[in-house]
Amino acid sequence: MLDQRFDPAASEAQIYQRWEEADCFKPSGDTSAEAYSIVIPPPNVTGVLHMGHALNNTLQDILIRYHRMTGKNVLWQPGTDHAGIATQMVVERQMAESGSNESRASLGREAFVERVWEWKEESGGQIIGQLKRLGASCDWSRTAFTMGEDGSDDDQMVRAVRKVFVDLYNDGLIYRAKRLVNWDPHFQTAISDLEVENKEVAGHMWHFKYPLAGGATYTYVEKDEDGNVTLEEERDYISIATTRPETMLGDGAVAVHPSDERYASIVGKLCEIPVGPKEHRRLIPIITDEYPDPDFGSGAVKITGAHDFNDYQVAKRGNIPMYALMDERGAMRSDGAPYAEVAETAGRIARGQESFDEATITAMNLVPDEYRGLDRFEARKQVVADITAEGLAVMVTDEEGNVIPLVEDKKVMQPFGDRSGVVIEPMLTDQWFVDAETLAKPAIEAVKTGKTRFVPENWEKTYFNWMENIQPWCVSRQLWWGHRIPAWFGPTLRDDQVPSGKTPAADRLADDQYAKTIFCAESLAEAIAQAQRYYGDDFHVFCDDSKPSGYSTSHIGGTKPHWVNLSQDPDVLDTWFSSGLWPFSTQGWPDAKGNEDLKTFFPGSVLVTAFDIIFFWVARMMMQGIHFMGEVPFKDVYIHALVLDEKGQKMSKSKGNAIDPLELIDEYGADALRFTMAAMAAQGRNVRLSKQRVEGYRNFSTKLWNAARFCQMNECANWDGALDPATLTQPVNQWIVGELAKTGAEATTAIEEYRFDGAAGAAYRFIWNIFCDWYLELIKPLLNGEDEAAKAETRRTAGWVLDEILKLLHPFMPFVTEALWEQLGEDGPKREGFLMLEAWPSYGDAFGNDAAAEEMDWVIDLVTEVRSVRADLGVSPGSKVPASLVNASETNAARLGRHGEVISRLARLEGLGVVEETPAGAVTTVVDEALLALKIADIIDIGEAKARLTKEIASLEKDVTGIEKKLGNENFVSRAPADVVEENRQRLADGKERLEKLKGAEARLAQL
RNA sequence: GGGCGGUUAGCUCAGCGGUAGAGCACUACAUUGACAUUGUAGGGGUCACAGGUUCGAUCCCUGUACCGCCCACCA
């Protein structure tokens, strides 16, 4: 006998364990069956399950369980992501909080990475355990990790990443270059555009005067739209606006628009940056460029190529030096020669007296001595104060007549690191870039031609929009935790050290300055071999890590053989670089190219993810998948919503509004949480989660449990396989199997179309509102009756339908359904195996039975009508009311004969029969063509009864008039589809007939 | 600035060219017969607004307003 209710806490873990031990999650291995595969979006290895994971993995598990039941060879590939920055951050924070004096720096690279591995081992299983609690049916024996230990037995991921990197490098799709990149001063690494969040913050715009060199002056004229002069004055300066005064120190020019007449006379002249020691004020040229907008501010823009993305482009076009001002912490530089010396050089460059190369410019620290070492925001304050003190701020008169510096309060968009939260600094650094534009082309094409399909479709636009404007992807990170970049740098050799026929000095100046001294290879040995071939036999190549005996730096340039010391790039790759390989790296690539798993499970059937990750991950997988496998990595991309709190806010720990899915599982069970996720997963929407909703679906599972209990008590739980609808004789049984078949079809279609809410809703409605509310009530008389054949048939049908329900519901509520499957099986023939491995139901047309459906609908309508009347008129619920059906049709009279008992029971009626005359003292209501007379006139308030009728008549009359009007419209009758017209005619006829009867009832009531 | 989405019952949301729906909340009633994690009944909507297309618009089109989100961005 089933317990009173299902106890998720006690049962779920145990059920899960049994599935796992029986290898239920592994692919069937039946290669004759269609393969169905999903790769999990790998959660951070050190992460904990949050609501987003719960939604994402519930939906995947529903698909996986469904397709497994349809007999496919199913793989849900699990794994975790090493999550470079995030994980490194966690470990660093732990060290900081531990109170020990350890830090990343004190530990050193090797020990620190070792520490991260330890942490990974310690916490890496946690999230997997949590996914198991959710019921995720991944094949855990294949759990993958985006990293691996170089040189260990488990280095396949390392080899995959290296191969990808080296191949792309050899194809010219990865290159190293000095570019302006987003620099995170907290983590002291470059990050990609996607990892930058632009936020609007309150800022200021300062206006400063850049005096013309040598005290030169010009006539500054402003005109209005009509060409009338509004301002004319002699100026010895050009006015510049800036929100970042500290970057003035690195200005290389002032730019104006070529059409800007105000400044035409001073273009080509020099002006002075109004900051720094007076005797070494730097002069910079006034140039023209299309970039400045003459209508904004003064129309003149300072150009700081090394600290602003727009300026960078201008500087590149105009060959303006880009002076880097800050160090990796975002503080003003304190390296290099004293300011006076450097400023002198810069001055000569500005006057065109000295040529310059990138390396020279990079080495120059133009931060005046008094600002060196200051934090960038400190430096900003200083610069503003110094300029203002010197009287070089643009002044205005305020409302009270005071002359004050012009400082506008202004909302400015500021870039922040998405992980660190600090202000990102554009920095000129050497980084590795992927030529995303080239890789994006086939990835765009694949979606255009439908090889990969987005569901819902509108996400394609987002994808296209981004892919079509894609920028080079900066993939190097100055971190320690990650895939080390497989590139080794050779030394820069003096001219007399250069191998014959090679010209490194020239190479250095070229755009691909490093190309000839970089050795990109899948292993150190290969890199050394490459270098050896490059340098020739006169050189002996080795690497830092393996200093050969007899090595001495003095040998360089000395007697042969010369020593060439390679050192590996210290940087690691962006986490997403390896995540992008996930669909094939998890299947053993590159080792297993051509092996069964890769052939069988790549490409994946669908990728399930949230929209916030389309760019980060989906796009990268598309690019890398197509490039390396020659095929799209998945056929469908299902984009689901984000989980928000009840108020529509993004859940986050810091806001304190996060609901912990594990707590919900503890409280309501995994099934309830899963069902909630499915029911709320309407496409293209956010999911607002409330506990109440979860509670409601927990109640649903209890409802199912109790329905099963009822079946069991009534010996309906005997499981005996198939059911032939043709053998059914009872309308109620014929009807329920038809309803079940409809539900099954609806759920199947919905899942196939990724409408999880539709599938969940269909199951919910059928189980609660049809099976429990009606079917189980309707069969009670049969189960308690004398007709043994009918009883047997009903038991069999109820038992069968219950089993089918368990199957249909299983992908959504795997635990409670599996528990019921097992426990109900104890009453009947022994079940062979797990519910999760049963076949997904597919019902033929044979299950539909229109006549039975119509008959049962009539019964249900009748009962509902009586209940409504009783409730409205305040008839006490317990009392049995004498009732009869007046002037019923033959059909309905027959139906009453078959169902009178159950109707009487459900509607609390007695003496229910067919009569020709309305009995005295009866209140009547209309059911179909007949009047239903209830002898209650003496126990109710006639006024209320009348009011009820009046209301119904009014509402019906409104309907009827509406339809009459419609049918009276010539255009409607001639132009609307015939079936619509016919349907309206029928409705009108029915309405009128009913109206007449209601009016009759009203009249009769008036006589009482 | 560009793009995407939203506006339907008190709340959260489905829906859809032809009769406006669910869950929760609310109201009333019911209590040993599977289930109070329940049952029965009920109230509650100018489907944001304005035009247009159509025999017919909550639905399609255009515009407006407001609300989200994404991308870009003026120094």
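Letters go in sequence order (proteins before strands), and every chain restarts at 1.
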Classify the nucleic acid contact of [X] as base, sugar-phosphate or nothing, counting any heavy atom under 4.0 Å across all strands shown.
X        : result
A/Cys711 : nothing
A/Met713 : sugar-phosphate
A/Thr864 : sugar-phosphate
A/Trp768 : sugar-phosphate
A/Lys951 : sugar-phosphate
A/Thr243 : sugar-phosphate
A/Gly669 : nothing
A/Lys410 : sugar-phosphate
A/Asp872 : sugar-phosphate
A/Arg698 : base

What nucleotide among [options] has an atom nearest to a side-chain atom of [X]?
X        : options                : value
A/Val301 : B/rA34, B/rG18, B/rA75 : B/rA75
A/Arg975 : B/rC71, B/rG18, B/rU54 : B/rU54
A/Asp773 : B/rG23, B/rG18, B/rG39 : B/rG39
A/Ala871 : B/rA25, B/rA41, B/rA34 : B/rA41
A/Asn458 : B/rG5, B/rA34, B/rA75  : B/rG5

Distance flag, aromatic centroids of A/Tyr668 and A/Tyr697, threshold under 6.0 Å =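 A/Tyr697 vs A/Tyr668: aromatic centres not under 6.0 Å.
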
Hey, is the side chain of [X] pairing donor to acceptor with the base of [N] inside 3.5 Å?
X        : N      : answer
A/Glu777 : B/rA34 : yes
A/Arg5   : B/rU37 : yes
A/Lys461 : B/rC4  : no

Sticking with atom [atom1], work out how far [N] lies from [M], rounded to a whole angstrom.
N      : M      : atom1 : value
B/rG10 : B/rG3  : P     : 35 Å
B/rU12 : B/rU7  : P     : 12 Å
B/rA9  : B/rG2  : C1'   : 36 Å
B/rC69 : B/rG39 : C1'   : 43 Å
B/rG1  : B/rC13 : P     : 28 Å
B/rC61 : B/rU54 : C1'   : 12 Å
B/rG33 : B/rU40 : P     : 14 Å
B/rA34 : B/rC26 : P     : 28 Å

Complement of [N], any strand, by Watson-Crick or G-U distances under 3.5 angstrom:
N      : answer
B/rC59 : none
B/rA22 : B/rU12
B/rA28 : B/rU40
B/rC4  : B/rG68
B/rA34 : none
B/rU46 : none

If each of A/Val980 and A/Lys411 is mapped to the nucleotide of RNA chain B with the nearest heavy atom, which maps nearer the 5' terminus, i.e. the 5' end?
-> A/Val980

Pick the nucleotide of RNA chain B nearest each of A/Asn699 and A/Arg867; which residue has the one closer to the 5' end?
->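 On the 5' side of the pair lies A/Asn699.
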
Going by an N to O cut-off under 4.0 Å, is there a salt bridge joining A/Arg698 and A/Glu667?
->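 No, no charged N to carboxylate O under 4.0 Å.
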
Salt-bridge present (A/Lys411, A/Glu200; N to O < 4.0 Å) |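 Salt bridge absent between A/Lys411 and A/Glu200.
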
Could you state the [atom1]-[atom2] distance from [X] to [N], rounded to the nearest angstrom?
X        : N      : atom1 : atom2 : result
A/Asn969 : B/rA57 : CG    : P     : 11 Å
A/Glu865 : B/rA41 : CD    : C1'   : 12 Å
A/Asn984 : B/rG17 : CG    : C1'   : 13 Å
A/Glu970 : B/rG56 : CD    : P     : 14 Å

Using only heavy-atom distances, determine whether the side chains of A/Ser298 and A/Arg262 contain a donor-acceptor pair under 3.5 Å.
->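 On atom types as modelled, these side chains do not qualify, holding no pair under 3.5 Å.
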
Measure up the A/Phe615 and A/Trp466 rings against each other and bin them: parallel (under 30°), tilted (30 to 60°), perpendicular (over 60°).
->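 Judged by the thresholds at 30° and 60°, the geometry between A/Phe615 and A/Trp466 is parallel.
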
Indicate yes or no for a side-chain donor-acceptor contact from A/Arg870 to the backbone of A/Ser879 under 3.5 Å, with no hydrogens or angles considered.
->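 Side chain of A/Arg870 to backbone of A/Ser879, a donor-acceptor pair under 3.5 Å: yes, one is there.
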
